[in-house]
Amino acid sequence: EEQEEDVLRDLRLFLRYVTESLAQDRRFKAFAKPVDTEEVPDYTLVVKAPMDLSTLLTNIDEQKYVTVDEFVCDADLIWKNALEYNPDSDPMDRHIRHRACALRDALRSIIRAELNEGFQRACEEIRASR
Ligand SMILES: COC(=O)N1C[C@@H]2C[C@@H]3O[C@]2(Cc2nccnc23)C1
């Protein structure tokens, strides 16, 4: 009912704030858009579920997420994919892995700092009722 749509609207506002905070950080430029599979033809052979910050924003607008945890599952793909695709000891791989770990930590830190426990529970009640 109306109250549920109010909660889910607030969830979308919160998730856009989190995503845009990450997208503004220059360290995370490589994660802003999908990896170009023409430039990197073997990317989809290695990474089965590509994800990036712009796709998260599209998913939010398309009302894909009913809880913060569902959003975090997709957001975690961004740094997990980067660790998986860039495993080598060469400086380029080490550099993007360092940024992937920084993204992981920034994501968790923003959510822990800004998410109200009661609000997360209200979202989970809606998910359980559907
Ligand atoms: C999240 O970003 C990544 O996992 N990558 C891996 C790709 C390999 C390397 O860097 C990426 C893009 C790229 N494009 C052209 C040539 N080489 C590269 C970004």
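Each ligand, and each atom within it, is numbered from 1 in the order the structure gives.
Each of the atoms 1 (C), 2 (O), 3 (C) of ligand 1 lies under 4.0 Å from some heavy atom of Val35. Residue Ile96 has at least one heavy-atom neighbour below 4.0 Å for each of these atoms of ligand 1: 1 (C), 2 (O), 3 (C), 4 (O), 5 (N).
Summary of contacts: the protein heavy atom closest to atom 12 (C) of ligand 1 is Val40 CG2, 3.8 Å. Regarding atom 1 (C) of ligand 1, its nearest protein heavy-atom neighbour is Ala30 O, 3.6 Å.
Within the 4.5 Å cutoff, side-chain heavy atoms of Leu83 are placed close to those of Cys101. The side-chain heavy atoms of Arg108 and Arg112, taken from C-beta on, include no pair separated by under 4.5 Å.
Within the 4.0 Å heavy-atom criterion, neither part of Asn81 lies near ligand 1. By the criterion of a heavy-atom distance under 4.0 Å, the side chain of Asn86, and not its backbone, is placed next to ligand 1.
Around CD of Glu1, the count of heavy atoms belonging to other residues, nucleotides or ligands within 6.0 Å exceeds 12. By the neighbour-count criterion of 12 heavy atoms within 6.0 Å, atom CD of Glu84 is densely surrounded, having more than that number from other residues, nucleotides or ligands.
Of the options Glu38, Glu39, Arg97, Lys29, the smallest heavy-atom separation from atom 15 (C) of ligand 1 is shown by Glu39. Ranked by closest heavy atom to atom 8 (C) of ligand 1, the top entry among Tyr85, Phe31, Trp79, Phe28 is Tyr85.
Of the protein's heavy atoms, at least one falls inside 4.0 Å of atom 4 (O) of ligand 1.
The shortest N or O to N or O distance between Tyr43 and ligand 1 is not below 3.5 Å.
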Task: Check against salt bridge (charged side-chain N to carboxylate O under 4.0 Å, His left out), Arg94 and Asp88 - done: CA-CA 7 Å; Arg94 286 179 190 266; Asp88 302 335; over 6 Å; no

Task: Stepwise salt bridge (charged side-chain N to carboxylate O under 4.0 Å, His left out) test for Arg130 and Glu4 - done: CA-CA 11 Å; Arg130 294 191 174 188; Glu4 287 195 358; 3.1 Å; yes

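Using a 4.0 Å cut-off between charged side-chain N and carboxylate O, Asp74 and Lys64 make a salt bridge.
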